[in-house]
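Everything on this sheet refers to the single structure shown next.
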Amino acid sequence: MTAAASSAPCRVAVAGASGRMGHMLIEALRATDDCVLAGALDQPSSPGIGLDASAFLGHASGVTITSDLREGLKNAEVLIDFTRPEGTLAHLAVCAELGVKVVIGTTGFSDAQKAEIARYAEKTAVVFAPNMSVGVNVTFKLLQMAAKALSTGYDIEILEAHHRHKVDAPSGTALKMGEVIAEALGRDLKECAVYAREGVTGERDPSSIGFAAIRGGDIVGDHTVLFAGTGERIEISHKASSRAGYAQGSLRAVRFLAAQRTGLFDMFDVLGLND
């Protein structure tokens with residue numbers, strides 16, 4: 001490979017190109033030098049079909065939004081997908097066939113669907129994380145450290161808030177927080193999670209991890225983990241004011257995939273936080 005070829009920008013396709021996250025990703029791609037928009041996908045019912053993907057920016061990218069998956073991927077090396085589980089899996093099947101790498105920010109997958117992602121990752125490289133924000137993933141690391149230090153005498157509650165349009169609860173990020181904490185404590189989240197409280201619930205089980213979800217307005221994403229002890233409480237929070245952080249984290253995942261051929265990775269891999 002020549003130096004000129006090696007410095008060519010990575011060609012990226014965006015799924016859900018007409019949506020809020022799609023727009024943020026396209027704007028981020030336009031602002032970077034080492035990645036370029038190479039494909040734009042959306043559902044057949046989307047009003048954006050047939051339009052230039054950057055029209056909302058007042059700029060012509062030369063990439064037309066299409067519902068034809070293979071057409072949208074034909075020039076792409078990586079697909080970034082923040083859609084719905086069923087759509088993401090359909091996209092991933094074709095990407096695995098074509099050798100297109102995938103960054104998955106979609107949430108709400110079942111255990112069976114996660115296993116399906118792992119199988120596709122045997123054929124192409126995948127970064128799969130419930131939250132692509134660099135800040136959120138650093139927060140995961142802080143929670144891991146805090147859980148180990150506060151393993152006894154502290155009750156753990158996870159609170160999250162999102163916009164009225166979010167369809168899954170608790171959020172994928174909140175669940176990942178619970179998984180990180182449970183693993184650090186040697187617990188199984190499936191056994192200790194409490195997702196709802198109503199009526200006479202009895203005393204709190206000290207080994208439980210509680211979740212509370214709020215939906216309303218245009219909240220981008222707020223997450224707080226409360227470690228409540230006797231005489232003190234520790235709160236570790238991350239609050240997103242825009243989706244820009246998710247887009248920038250996604251581009252870091254795209255850059256990480258440049259050196260991978262196959263395999264399933266997460267943002268800890270991308271950010272070097274597994275040590």
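In this text the structure is predicted, and so the values were computed from the model without any measurement.
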Going by side chain to side chain donor-acceptor pair (under 3.5 Å), name the residues that satisfy it together with [X], two or more places apart in sequence or in a different chain.
| X | value |
| --- | --- |
| R197 | E157 |
| E203 | none |
| S151 | none |
| T224 | S237 |

>> Show every salt bridge (charged side-chain N to carboxylate O under 4.0 Å, His left out) that has at least one partner inside residues 7-27, sequence neighbours left out.
In response: R11-E77
>> Using side chain to side chain contact (heavy atoms under 4.5 Å, CB included), reason through R84 and L89 one step at a time and then give a plain yes or no.
In response: CA-CA 9 Å; R84 299 285 177 83; L89 288 172; over 6 Å; no
> Any side-chain heavy atom of V103 within less than 4.5 Å of one from L251?
Replying inline: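 No, too far: nothing below the 4.5 Å cut-off.
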> Sequence neighbours excluded, which residues qualify as side-chain contact (heavy atoms from CB on, under 4.5 Å) partners of A247?
Replying inline: M21, M24, L25, A28
>> My understanding is that only residues two or more places apart in sequence, or in another chain, count here; which of them pass side-chain contact (heavy atoms from CB on, under 4.5 Å) with L51?
In response: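 By the side-chain contact (heavy atoms from CB on, under 4.5 Å) rule, L51 matches no residue at all.
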Scan for ring-ring contact (aromatic ring centres under 6.0 Å, His included) pairs involving [range], sequence neighbours excluded, and state none if there are none.
| range | result |
| --- | --- |
| residues 60-112 | F109-F128 |
| residues 43-71 | H23-F56 |
| residues 201-246 | H162-H223, Y195-F211 |

>> side chain to side chain contact (heavy atoms under 4.5 Å, CB included) for T83 and Q43? Distances and angles first, verdict last.
In response: CA-CA 10 Å; T83 57; Q43 301 178 63; over 6 Å; no
> Remaining members of I65's ILVMFWY cluster at a side-chain heavy-atom cut-off under 4.5 Å?
Replying inline: I49
Pairs of donor and acceptor atoms involving the side chains of residues 182-192, under 3.5 Å and at least two apart or interchain, shall be tabulated with distances.
residue : atom : partner : partner atom : Å
R187    : NH1  : S207    : O            : 2.8
D188    : OD1  : K190    : N            : 3.0
K190    : NZ   : D111    : OD2          : 2.9

